[in-house]
Every structure is written in C-alpha cells, then in structure tokens.
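Working notes for the structure below.
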Number of protein chains: 2
Amino acid sequence: MDTKIFCLGILSFGDATGYEIKKQLEGPFRHFYDASFGSIYPALGKLTDAALVERTELAQDKRPDKKVYSITPAGKMALMDELAKPISGDKVKSDFLATIVFSELLSPAAIDQMIADRLAAYDSAITELDCEQTMTGPGAHFVCGFGKALYTAARDYLENHRHEIVGHSLLTKSEKVL
Amino acid sequence: MDTKIFCLGILSFGDATGYEIKKQLEGPFRHFYDASFGSIYPALGKLTDAALVERTELAQDKRPDKKVYSITPAGKMALMDELAKPISGDKVKSDFLATIVFSELLSPAAIDQMIADRLAAYDSAITELDCEQTMTGPGAHFVCGFGKALYTAARDYLENHRHEIVGHSLLTKSEKVL
DNA sequence: GATATCATGTAAGGGGTTACATGATTGT
DNA sequence: ACAATCATGTAACCCCTTACATGATATC
C-alpha cells in the first residue's frame, strides 16, 4: 500500500487537503504508517490525473489557495479493489533491535542509556495512543488499542529482560578492542 | 542503519560471504530487518572500497569463486561509531493495520479471512522465533524473545478484539456502495 | 524433468525522504 | 524577535527491490 492508496483511504472518510492528510498521519497513525509532503502532494496529483479524486480550489485571504480533494466513485472502487487484495506482511525496520544484536560492541553505559531512552519512548507512545479522541471509525479505535497492547508488551519485555544484554559488553573485558 | 552497517555488524561476528549474510537475514532477523542481494552485494563493494572490510577470493571447483569478507579495524571503528549514535525510532509499515482502519469498505467475509490469515501468520512467526538455535550471541537471544513477546501480544489482542471490526462493514447495509 | 542450493552480480525502476522555495499570521 | 501554524509544491538524491543473467550440482 503506497501513499496514493493511503490518501484514497483518508479521503474515503471525507474531503481533505494535502495538509490535512499529513496532519492525520501525525496522530496515532504514524506508528504504523508515515508519509511526507514530498510524497503526499505528488500522490494527490497522480490521483487527480487518474480521476480517482477531484480537486476543488478554495481561494483564501492572505493564504495560498486551499485545494480540497474528494474521492470519486472510481476512486472508491480502486480503493476497495486494493483493500480486497491479499495483504502483504508488515515491514519493520528496527535500528533498536539491530543495535541490540551488535550490543557487545557498546559500553555498558551506552546500553543502559539506550534502554532508558527506549522505555521512555514506549511510555510516551502508550500515552499518545490512549485515544478516545476524534478517531475516525471503529477501525481506528481498534488500531490504537492494538498499538497500545504492543508497546506495553515491548515495554514489559524490555524491563524484564534487560539484564540479558547488559553485562555482555566486550568493552568491560578490555578497554581497547582493536 | 542501512545495509552497509548491517553487513558490518554481521561481519563483526565472523567472516562471511554475501550469500551467507543474506542467509542470516532469512532467519529470525528478517522480522525486524531485511535486505536483498541487490543491496548486499553493492554494500559489500562500497565497504571494500572504503577499506572497512577486506575481501578474500576463494576459487571453487565448478562453482563461482567465493568471496569471503572480513571486517577491518577501521570497519569495526565505523561500526562502533554508528552504534553509539542516538537510535532512530522503528519504522513500521503495516498494510494490515491500514486495511483495518479502512475496513468499513470490506465485506464481513473478507474481514474474517484477513483476521484468520493474520492469526495464522502470528502463529508461524512465534514458532519460528522459538530459537535456541545457533543464534549468534546474547543479543540475538534477546531479540528472538522480544519478537515472540510482541507477536504473542498481537495475537492475543486480535483474538480478543476482532469483534470490534467485524460487524461494521458498510457493505452489510447496502449491497451497492456507489 | 523440475526445483532447490550454491554463488555472484547488474540495470531499471519504484517509492520515498530531505531540503529548498514562498509567505502571511498568530502565539510566546 | 522567534517559532509555530497554515498551505503548497519541486528537485535532488537515496536506498532498495525486482527481474534478469549465468551456471553447475543435488535432490525429489
């Protein structure tokens, strides 16, 4: 699922500008999907060319024109077709876990710091996902709960198993590795 | 962390060929990091150019020459520098969660199928991560346990909350959406 | 006879990010 | 004064994936 489809999905909930779509991606959604202006605006352009969305320009006082996008019937069909396809597995890229695999090369202090940072990050993610907010639809509610459950599990695991990675630094055995 | 650093990390455990590095990525690691030959071989080329790894060519009978890479002291330093940097947050791209957000556009049958597929995927991931295998070092052991904990939490959440997303399909209310 | 394993690599193309360019308004 | 919010867009670049190209050996 690329930015085009994601925009189509957001627009299926109601009309929005590119700027507003980006804002939606800054809420809880950003934990499992992200996109920058550099991909959103071109995506909306292509969707317009393909007549999957329609653009209405609203002139504004002392601001650039607002371009409000609406999904077209053809766009809704394209979205439904896409959603019906078999779903590809999640793509995760975790520099944190990679760093842990190679953590023998880190000082115990650096490892402790990394773990502390992570625990704090999990806590703030959990707080952020506590969303009885203006979340669009039951799907969004489920997704927030899902995210919270995962971050909580991650937090717990890290707290209960941190001892496995601290105390294995090769740097404790000899100051100089090289 | 890109493929170059990841290769450097793998090579810090011992010499390996590009082919062997790829194989490591097919085990439990692939749940949080992935790379194809199309990125591994060029990465090894650049690392060699930068003298961060050394290449030894081994002629083989009736097989292409094997190219065994070893990390150099400079490579080890580059790796350590990289690992010491503040770690960027995980990047997750979940088509599954995105689909759930937009699941009102799916038929109840399609939603059920999606959930069943997911539960099966979680189960096989959990089995796969059950690794007292030849995992390199304590870090890898931690990471496997971490992955297992997350997939288990995901599985449990999905099973306990699936009712929240089934039964909201707009398609149950009217056959034709358009 | 087909598929998997071993083993390397390249080229085209895809999809994205970052940084830049512009500019008024509102809040600290 | 300075930063943030609103609002759009482009261009350069990055990194990766997919598919291709090659080819022997072993297994089903």
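Sequence lines set the chain letters: A, B, ... in the order given, protein chains first and strands last, and positions in each chain run from 1.
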Out of D/dG9, C/dG16, D/dC16, which nucleotide sits closest to the side chain of B/Thr3? D/dC16
Which part of the nucleic acid does A/Lys23 contact within heavy-atom distance under 4.0 Å: base, sugar-phosphate only, or nothing? sugar-phosphate
Contact check, residues 7-22 of chain B vs DNA chain D, heavy-atom distance under 4.0 Å, returns none
Aromatic ring proximity, centroids under 6.0 angstrom, B/Tyr41 and B/Phe37: yes
Please report, rounded to the nearest Å, how far the P atom of C/dG15 is from the NZ atom of A/Lys4. 6 Å
Shortest non-hydrogen contact between B/Ala98 and A/Met1, atoms and distance: CB-SD, 3.7 Å
Nearest heavy atoms of B/Ile21 and B/Leu44, plus distance in Å: CD1-CD2, 4.1 Å
Near DNA chain C, which residues from residues 37-53 of chain A have a heavy atom under 4.0 Å away? A/Gly38, A/Ser39
For the pair B/Arg30 and B/Glu128, find out whether any cationic side-chain nitrogen is under 4.0 Å from an anionic carboxylate oxygen. yes
Measure the distance from CD on A/Gln24 to P on D/dC6 and round it to the nearest whole Å. 13 Å
Would you mind reading off the distance between B/Arg55 atom CZ and C/dA7 atom C1', rounded to a whole angstrom? 14 Å
Looking at A/Asp95 and B/Lys91, is there a salt bridge between them, counting it only when a charged N and a carboxylate O are closer than 4.0 Å? no
Below 4.5 Å, heavy atoms only, C-beta onward: do B/Tyr33 and A/Lys93 meet side chain to side chain? yes
B/Tyr122 and B/Arg118: side chain donor to acceptor below 3.5 Å: yes
Nucleotide C/dC6, atom C1' - distance to CD of B/Glu26 in whole Å: 12 Å
Scanning both residues in full, the closest heavy-atom pair of B/Gly139 with A/Ile165 reads CA-CG2, 4.2 Å
For the pair made of CG in A/Asp2 and C1' in D/dC16, what is the distance, rounded to whole Å? 16 Å
Integer-rounded Å distance: C/dA7 P and B/Glu57 CD: 14 Å
Separation of D/dA7 atom P from A/Lys67 atom NZ, nearest Å, is 13 Å
Side chains of residues 7-18 of chain A: which donor-acceptor partners sit under 3.5 Å, not counting sequence neighbours?
unit_1: A/Ser12; atom_1: OG; unit_2: A/Gly9; atom_2: O; d: 2.6
unit_1: A/Asp15; atom_1: OD1; unit_2: A/Ser70; atom_2: OG; d: 3.4
unit_1: A/Asp15; atom_1: OD2; unit_2: A/Ser70; atom_2: OG; d: 3.4
unit_1: A/Thr17; atom_1: OG1; unit_2: A/Tyr19; atom_2: N; d: 3.4
unit_1: A/Thr17; atom_1: OG1; unit_2: A/Glu20; atom_2: N; d: 3.1

Can you measure B/Leu58 atom CG to C/dT8 atom C1' for me and round it to whole angstrom units? 14 Å
